Amino acid sequence: MAQAAIDIRAGELRQQVFRKYRFIDRKWDFMFWFTAAFVVAAAADITRLLFAGDWDFWTDWKDRQWWMTITPFATIIIPSALQFIQWRAWRMPTGATYTATCVFVAAWVGRVVQWKYFVNYPMNFVWPATWIPAGILIDFLLLQSRSFIVTSVIGAAVWTLTFWASNYLMLAPFLQPANFIGHTLTVADVQGITYIRAQTPEYIRVIERGSLRTFLQEPQYVALAFGTTLAVGGYWIGQFIGRYLAVWPILRYLKQV
Amino acid sequence: MQEQVRPRVEERPPARAPGEAPERPGRGPTDWWGGWRWGFTSLLIIAGIAAAIRIYQGIFTFPWGLDSSTWQFFWLWRMLVVLELLGVGVFTVLWWGWLLRSARDLPERISHREEVRRIAVFWSLVGATSVNIYFEASFFPNQDGAFHQTLVRDTAFTVSHIPMFYLFFPLGITLAVGTYLYGRTRLPAVYGPWKGFPWSFFPLISATVTEMMQVAMNEWGHSINFANAGAEEFFSVWFHWPFVLYGWLAGGIFALWGETILRLTAIEDDIVKEEAEVPSPEAAPV
Amino acid sequence: MKRRFALSLLGSLVAVVAAAIGTTTASAHGERAQESFIRMESVAFWDVKFSTNNVKQGEDLTITGTAKLLETWPSNLSGGNPSVCYFTVVEPGAQFVLKDRVINGAQAPQSVFCHKGGTYDFSMTLTGRSPGNWHVHPAVAVREAGTIIGPGTWITVNEAPGGFSYPIKLLNGQTVDLESYGQWLIVGFSVATFVLGMAWMIMWTWTRPTITRLAVTNQLPLNQDGGDAVGLITRQDHRNTAIIAGATVVLVGAGFLISAFAFPGRIPQQTDWITPPTSEQPASIGEASLTGAVWDPSSQSLTMTAQIKNTGKSQLTLTAFRTSYLTFVNTTARSPESGEYQMTATPAGTIDPGQTQTVQIKLPGSVFQQEELLPIGKAQMEVAGVLELTDALGTRNMDTVLTSLMPTST
């Protein structure tokens, strides 16, 4: 009896899923996805730029200690917000991938138009990190778990590790040692010296200086672990944005201003 | 699932509310050149302005954008600030004024078709706001980092600040408030004044206003060497963070889409109800 | 006919405007906005020379000179105690590449440890990269103080056939072009991830409507999607997403492993800061100090009163006053070179050994005004710099001096 009631209810909902409308056609969907892309890309990009931008701008900042401590936190916030919005509104596990894809386009446009063609830095020095593999995997996790708590805890680890792996593989060539005026430096360091940055002197880099004990070459993994912890916090900041700034205000009004 | 992909239900002959203009072919409420017209024209206008400024920067930055003490800088750059602020100011007054004045002449009763068209226009304005936010929070901030980390700033009115802070930031306020005024005067079912001030617009408009206010804190931070932070160009410096926090308030934009989607489905439900009540198609209002 | 006339008129107008704009040189790079007390009291530059003003892409030019972190270093910069410096070049963007840097005879790839009172003979070799006319200055960036800019000049970089490339040698013997090394891995992998992202988005948005789902999801608990029965998310969706997620894992995993093996011997980014050797200073031949400075707006002149004692064995001459990146030459001692200004010292002439002379130094106020170095009405009304003393044998001393500035009116 209870199962029959559930089946009837499911049937009713299914009818609504496949309902035909007079005025609501696919253009509405297109306009939503297309115009939202701009504000989503902007929100994700500005969060990344002003919380972790320096590490993302330059190869000689993408170090073992600080890059993956700060960047996962900065970059998971808006994908988390969009995960909530798009799951809550459409039951689509697309928030993180959508954000990552939109910000990918915005970042590359920004780097090419501004960093390369305005102030003339080569793209192999100022390339942006990609968040897309990390976004796909945490969206997949949300789809499987249907739980934001699970996605925040396991997802933060997946996000951090995938973010690191997918960008480290592009960074690897630049961590090869090279000889520069009698000193051994990485290719990234040589880029930083060679391509002059008048207001970003070398000492301003917030990178590993060997001041912490390296626990038998483990600073990278310590940074990844701590980056994961911070990313959990970032995830819930994103959830706050999605829940209380994006969804809660729907059809709510202030009676007195 | 496949059914939803087919063309929508055949329309009955439209009935007009008093005062509504007759429909022209291709200018229907959800046609690209009908209700959605402003959806792509506003985007092209805003992107066109940004492209024009970027080209202008490409021509006049080196060397005339590097030394704010020269007369060339005054005429090429400081006057551009004046032009931008005047332009946004004039546009704001004209547009908001038109929205409010023309509202008086709007018919009290509108058809479902007209309301759908207005929601499409509303979405176009939301889209314009979204595109503006992209230029103010991604396109020109990238340039800001590129310019300031590689050159020495000597004024608050740097080449990259000029379009970002003094054109797209104030334009964001104009668009967000203008979108609200459109909703208030054209979509009374969702944003009518008797309902109160929509919470959805509150964070969105706040985002644009507080971003403008944050410019002052930013320049203060860059002009002093408090805690040794103002002298060097660290993009993730602490007095940049409020730009992000205020930017998050723009999340309210999603509530605008949500509210109007719910209104669209309510209109569709009304149509179904009305058609079920009225036996003859000719008399059915849509 | 009319159209041609209009076009040529427009062309002429553009040419006139361009010529008008181009007639005055913009030689500053933001230094004029730095407070005068910072520029005068922090770093003084002298003997700055550019080996050439014209290079082709790939050709070198060398900037040499001396920079001193003055004893008058402001207390509100770097906590009054500068400790890390980066000798660099101010030029608009990356129009040159820096090839070599030598500080006090030692090669300094990155930052150096420095101190108040330190004198640093620098030599920086640049290579022309982008064709154009660029204004170039040597500069010293000091941690927690900012970049202090030295004297600049225009350098023209001409196009070379074949453009610009910058080969560097890796420790494994491989030579790579820094301009494009690793670019195809970055672009290729990034685009591959974009393709995956688009596949995911298209999968979810192409085959089904989006916004109408809100009416249904409003009726479901947050952690439920209703399964196949409701039809919001189907088994097919689960299968397709698993394929894309799997492809993502394979792409990243394989890419990571391949990259790790293809680029072995990786090291972390380096911090290779040196302490430059102490620059050998000439024997002390004199002691100089300022006892006052007066600014007279009516005559547009800045007059400083200096006490100069000859502690050497031969005749001593006040040859120049240097402040920030400016040099004012005593014309009775020598002629100013290109880019230098004139000053008058009264009394003119030399100072005998053991004697102390009070000297009135008159400087052209217009230069200070143009350079925004006159701190009238600012928070710290002081004048500072170095007085250059030269004896008959050619030995030169640079004495740091500082005094309050007294305007006759503000």
Side-chain angles (χ1 to χ4, degrees), chain A residues 10 13-14 16-17 24 28-29 32-33 60 63-64 89-92 94 97-98 100-101 104 119-122 124 127 130 132-133 136 140 143 146-147 165-166 169-170 172-183 185-186 188-190 193-196 198-199 201-203 207-209, chain C residues 84 86 88-90 93-94 97-98 100 107 109-111 130 141 143 147 168-171 179 181-183 185-186 189-190 193-194 196-197 200-201 204-205 209-217 223 225-226 229-233 241 245 248 252 255-256 259 263 266-272:
Chain A
L13 290 175
R14 187 184 179 84
Q16 289 178 49
V17 171
I24 308 178
W28 292 93
D29 297 331
F32 167 73
W33 288 109
D60 67 342
D63 74 322
R64 295 194 299 192
W90 332 127
R91 279 305 176 282
M92 284 186 187
T94 48
T97 308
Y98 179 64
T101 315
F104 177 93
V119 289
N120 207 16
Y121 288 83
N124 67 347
W127 51 275
T130 176
I132 297 173
I136 289 173
F140 184 70
L143 174 65
R146 297 189 298 268
S147 159
S166 52
L169 70 92
M170 293 190 281
F174 302 95
L175 297 180
Q176 294 181 100
N179 189 322
F180 182 77
I181 58 172
H183 293 248
L185 303 172
T186 62
D189 292 317
V190 176
I193 297 162
T194 301
Y195 299 108
I196 300 163
Q199 271 292 71
E202 181 273 322
Y203 56 71
I207 61 166
E208 177 192 358
R209 294 207 194 283
Chain C
V84 179
Y86 187 64
T88 185
V89 170
V90 173
V97 293
L98 189 121
D100 193 9
Q107 284 186 306
Q110 295 179 328
S111 304
S130 308
R143 191 161 67 178
T147 302
I168 65 162
K169 200 160 183 177
L170 305 184
L171 224 58
E179 286 281 299
Y181 182 56
Q183 188 170 277
L185 172 62
I186 294 162
F189 183 78
S190 297
T193 65
F194 181 70
L196 280 175
W200 183 276
M201 291 310 304
W204 282 102
T205 60
T210 301
I211 70 167
T212 51
R213 290 160 75 99
L214 180 61
V216 181
T217 59
N223 304 113
D225 60 72
V230 174
L232 286 170
I233 299 174
T241 51
T248 304
V252 174
F256 187 86
S259 198
F263 307 107
R266 297 180 304 282
I267 58 173
Q269 286 88 346
Q270 299 293 299
T271 306
D272 193 347

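Note on naming: letters A, B, ... go to the chains in the order of the sequence lines (proteins, then strands), and numbering restarts at 1 for each one. Values below: every heavy atom of this structure, side chains too, minus hydrogens, waters and symmetry copies. Bear in mind that the values here come from a model prediction, so they are computed numbers and not experimental data.
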Problem - C:Q269 and A:T186 side chains, donor-acceptor separation under 3.5 Å - result: no

Handout entry: Residue list, side chain to side chain contact (heavy atoms under 4.5 Å, CB included) with C:T271, at least two apart or on another chain
Key = A:I207, A:R209, C:W273

Practice task
Kindly write out the residues that satisfy side chain to side chain contact (heavy atoms under 4.5 Å, CB included) with C:D272, not counting sequence neighbours, or none if the list is empty.
Solution key: A:H183, A:L185, C:P109, C:Q110, C:I274

Can you tell which part of [X] gets under 4.5 Å to a heavy atom of chain A, answering side chain, backbone, both or neither?
X	value
C:I233	side chain
C:I186	both
C:T248	side chain
C:T205	both

[X] versus chain C, heavy atoms under 4.5 Å apart: side chain, backbone, both or neither?
X	answer
A:T101	both
A:A89	both
A:W33	side chain
A:F140	both
A:L169	both

Completion exercise
Between C:Y86 and A:I193 the two heavy atoms that sit nearest each other are OH-CA, 4.0 Å

Exercise for the section: Search all heavy atoms of A:V17 against all heavy atoms of C:V230 and return the closest pair with its distance. Expected result: CG2-O, 3.7 Å

Handout entry: Pairwise side-chain contact, A:M92 with C:R213, heavy-atom cut-off 4.5 Å (strictly under)
Key = yes

Problem - Under 3.5 Å donor-acceptor, C:N223 side chain and A:R146 backbone - result: yes

Problem - Short side-chain to backbone donor-acceptor contact, A:T97 and C:G197, under 3.5 Å - result: no

